[in-house]
Amino acid sequence: MLKTHTHRSNSVNLTFPGTSIIVGVSSSATFATAISRQVASVKKRGGRRIDDHKLQYTRSSIKASISTSVSTFTTVKGVISVGPSITGVLSSVTVGLIGTVADCVTDILGNSFVLELVSANLDSSGKEKETVKASAKSVGFDNESKLYKYECEFRVPDEFGKIGAILVENQHRKEAYIKNIVLDNGNVIFPCESWIHSKYDNPDKRIFFTDKSYLPSETPVGLKVLREKDLESLRGNGEGERKSYERIYDYDTYNDIGDPDTDSDLSRPVLGGDQHPYPRRCRTGRQSTSTEPWSESRMAVPFYVPRDEDFSELKEITFGATTLFSVLHGAIPTLESILTDADKGFSLFKDIESLYDNGVDVDLTISGLLNVLPTLLRALTSAARNVLQFETPRIKDRDSFSWYRDEEFCRQTLAGLNPYSIKLVTEWPIISKLDPIVYGPAESAITKEIVEQEIKGFMSLEEALEQKKLFLLDYHDLLLPYVNKVREIDGTTLYGSRTLMFLTSTGTLRPLAIELTRPPNNGNPQWKHVYTPCWDATGAWLWKLAKAHVLAHDSGYHQLVSHWLRTHGSTEPYVIATNRHLSKMHPIQRLLCPHLRYTMQINSLARLALINAGGTIDTSFSLRKYCMQLSSDAYAQHWRFDHEALPADLINRGMAVEDESAPHGLKLTIEDYPFANDGLILWDAIKQWATTYVNHYYPQPNLVESDQELQAWWTEIRTIGHGDKKDEPWWPKLKTQQDLIKIVTTIMWVSSGHHSAVNFGQYDFAGYFPNRPTIARTKMPNEDPTAEEWEAFINKPEDLLLESFPTQIQATKVMSVLAVLSSHSPDEEYIGTNVEPAWAAEPTIKAAFEEFNGRLIELEAIIDSRNNDPNLRNRSGAGLVPYQLLKPFSGPGLTGKGVPYSISI
């Protein structure tokens, strides 16, 4: 309801002899004045004298002919909140002096932004009502909000009806970030959170709707055309190279991770399509490479993302993007220039320790590193030297030898960085699904005899299977096809691997056996060997080396599948489809929006320097140039949307069964499974929030099926965004409220809980790389050794372990990146903390959100209590890093906890 002063404008028809004059006045006094002025004007007209009696007649005639029609309008004040900077975060482009001066003049003249109010109603003839315009003038910087304020006044006719939208034209020569537009002291709010292009770049006006949410069928008649027009402006036509100021969302394959024009060895296959199925990314429209027409050039940096997906300069969340960008383009090249021997490893364990104790000598003035590294590493500067010194990861700080122990090796499959791989053994013997003609005998070499020897009379193999005591890390079938190809690359090696574990009576796991396999090669038969924990020196060292290989496999799978594919890569199609098909006033768009912010920007940085040919992952993980192909294989073989829901994932891996009498409706196979225990509480909280929200806007099932925007959104996710899986039978239908609740809960979980569980502990667990090496560079010493190789191992086995670890440059590059990826920005947006304007506008939704927030606060206390429970040995014990990756809230920096809404790093 608008609450400002009302003015009445009397349209008065003043009829004089030989003329017709219409005067608009606002009071009887003003009206009389106007009459007198018009009479005086008549007296002088044409130089003729008018006699008093004629004048009297004229006045009388005027009185007789006055007809007054009353039109009421309301003066409405508008306030625009604008970000303090209007340049791109990662762009080095600066606007020239002419543009800056022009914008200052624009502000002074008071037409910085031209705004038009749009009525939610049509006029009596069924046409759109005329908009009401106003120009905004700068009133200065607001210290409290840290935003610039612009003000304007609208004269809104009473018959205008309800305000439903606003059109904005940016008169500056540069883009501007508008946070919101508020009318009538907060009675009407337009949430914007958007970059507004300059009219000199694009003459189209931007459209914003109020914080009132509408299903398509409920859209006010005066807004239906604008609703569709706004969506159309985001879709583009699939042609041309995108401009940095544009907001076009479209699909493309991963055809830009190779760089064949620079070096043929940097050529990479296109991911996406029949040969290498993969989710789609955002289309940029860059030119093709000259050597491979199917690959996109990498010349334009940074890569295009729709403007509103860029990191807002108003938020210190830019910390993640700008720091990562600086590390990739500053710190890593600096390290490479210092560590000139790319193959040089660590000769002694004390050399590894020195990274944390003494650091690396660098020139901190290079590439602006002084601005970046204090937030990333410990940079010690003295008169004599500049040192780049890494923070000590928690796992090393709490227990320097934890990486060495078998029980910690197993514990981290439940409470570490990759809790998504362990699965229950349900069949025996373990059989490969690969073609035995190509890869050799399919049956595992881990036999019943080996298992029963290791469990030493506790039970038989059959009893262990029946009682659900055997668990497996299985990277055999996924890795084995790459073994021979990877072994052609210098400085790395590979095996297919299986690791078998046993659940003890205390609820902890102990390893039973590791199987490493090499397929037939160059006329040699398949080679496989089973390693077990041993009490003799040679066997013990072989066991340690086998564990290093498994850890490298798990590190690669974690980064390429559990982390990148299942969160970053799979979510980008959700972002694209949401913007293309769900209007900004759609309630589901507003539910998902916080979970989809910033993801496309961080993904573009990953394509730029992490997952690309020659990037950090491509050069530092075991599969080297085949890393992303492995990610594609995992997508093709294992990814299912319905299994991305946490309960379904646990059931699929045999880590839980449905049980209505159990908490969360699931009974865990391992009761003390920290990731699952905490994750299910978070999952339930998200699901309850989504349930209340969906049922509020969709009180009847038919509203879901008849929602054209919603159906187009889900269809495009299935058939284009994840189009390589479009014919799979497991895709959920979208017909009822329950269908929608399951779908949105899964998307919200993946972007928040799943991502946090596999991301924010990276430096804690992998920052000390002996605990999680990213690569094993040497083969096992008992695989077809020469006499000299075996003798070298027997004489000094520690040297072989060090040689298998990453090189100095590989280790320091990965550590630098992990330190950034694991850090929270100073104003991170944690799940359940910031209520969106549209949620606050609806009392039912606001109350549900407050309940959601309360459940997350309870989860904090539950996790603290669990971490202090001595009976929960997988999360509490001497020297253990407590499991708190799913604690919802956190401070800034490397905290090892905190669940942001979205994948913002």
Side-chain angles (χ1 to χ4, degrees), residues 406-416 418-433 443-477 497-515 530 532-533 550 554 557 562 638 640 642-643 645-681 683 757 866 869 871-876 883:
D406 289 349
E407 63 271 21
E408 181 63 12
F409 169 74
C410 291
R411 187 188 78 90
Q412 288 183 29
T413 65
L414 303 172
N418 184 30
Y420 273 100
S421 285
I422 186 171
K423 64 181 182 180
L424 178 70
V425 177
T426 57
E427 296 179 348
W428 199 269
I430 301 170
I431 303 291
S432 170
K433 295 179 181 178
E443 185 170 328
S444 170
I446 303 176
T447 63
K448 174 180 178 179
E449 292 72 25
I450 291 175
V451 172
E452 292 186 340
Q453 173 64 31
E454 290 302 313
I455 57 180
K456 295 180 172 62
F458 283 108
M459 60 185 67
S460 66
L461 171 65
E462 290 75 16
E463 290 171 328
L465 289 168
E466 184 181 355
Q467 296 179 33
K468 299 183 178 180
K469 296 289 187 180
L470 298 179
F471 296 86
L472 189 67
L473 283 184
D474 191 353
Y475 299 126
H476 181 277
D477 285 11
S497 70
R498 297 185 180 103
T499 303
L500 188 67
M501 293 166 281
F502 177 74
L503 182 64
T504 69
S505 59
T506 61
T508 59
L509 293 169
R510 53 168 288 207
L512 300 181
I514 291 172
E515 178 186 31
V530 176
T532 59
V550 170
D554 192 61
Y557 185 88
S562 299
H638 303 303
R640 292 178 49 159
D642 58 332
H643 286 175
L646 178 60
D649 170 78
L650 294 170
I651 293 170
N652 178 57
R653 291 187 285 121
M655 302 304 292
V657 293
E658 293 186 78
D659 184 347
E660 293 184 1
S661 65
H664 321 293
L666 293 180
K667 178 178 175 58
L668 293 177
T669 310
I670 299 177
E671 291 184 10
D672 184 15
Y673 186 177
F675 160 71
N677 283 306
D678 297 351
L680 285 170
I681 297 178
W683 168 271
R866 287 173 172 174
D869 185 344
N871 294 316
L872 300 177
R873 292 178 173 86
N874 289 322
R875 63 192 309 156
S876 177
Y883 190 77

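Index from 1, following the sequence.
- The distance from atom CD of E515 to atom CD1 of I450, rounded to the nearest 0.5 Å, is 8.5 Å.
- For E462, the CD atom sits in a packed shell: over 12 heavy atoms of surrounding residues, nucleotides or ligands are nearer than 6.0 Å.
- I431 CD1 to H476 NE2: the interatomic distance, rounded to the nearest 0.5 Å, is 10.0 Å.
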Stepwise side chain to side chain contact (heavy atoms under 4.5 Å, CB included) test for F502 and M459: CA-CA 11 Å; F502 177 74; M459 60 185 67; 4.2 Å; yes
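- Of all heavy-atom pairs between T669 and L424, the closest is CG2-CD1, 4.2 Å.
- A 4.5 Å side-chain heavy-atom check between L650 and H664 finds every atom pair outside the cut-off.
- At a cut-off of 3.5 Å, with distance as the only test, no side-chain donor of D869 or S876 sits close to an acceptor on the other residue.
- Residues R640 and D649 have side chains not in contact (no heavy-atom distance under 4.5 Å, counting atoms from C-beta outward).
- Between L503 and K468, the shortest heavy-atom distance links the atoms CD2-O, 4.3 Å.
- In terms of heavy atoms, Y673 sits closest to T413 at CE2-O, 4.5 Å.
- Note that CZ of F471 is 8.0 Å distant from CG of L414, once rounded to the nearest 0.5 Å.
- Sparse packing is recorded around NZ of K433, with 12 or fewer heavy atoms of other residues, nucleotides or ligands lying under 6.0 Å away.
- A side-chain donor from one of D554 and Y475 sits under 3.5 Å from a side-chain acceptor of the other.
- Side-chain atoms of Q453 and E449 include no donor-acceptor pair closer than 3.5 Å.
- Annotation for G507 and I670: closest pair O-CG2, 4.1 Å, computed over non-hydrogen atoms.
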Working for side chain to side chain contact (heavy atoms under 4.5 Å, CB included), residues L512 and L470: CA-CA 9 Å; L512 300 181; L470 298 179; 3.8 Å; yes
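- We find that K469 and E463 are not joined by a salt bridge, their nearest charged nitrogen and carboxylate oxygen being 4.0 Å or further apart.
- H643 is not listed as a side-chain neighbour of H638, based on a closest heavy-atom distance of 4.5 Å or more.
- In this structure, Y557 has its ring center no closer than 6.0 Å to that of Y420.
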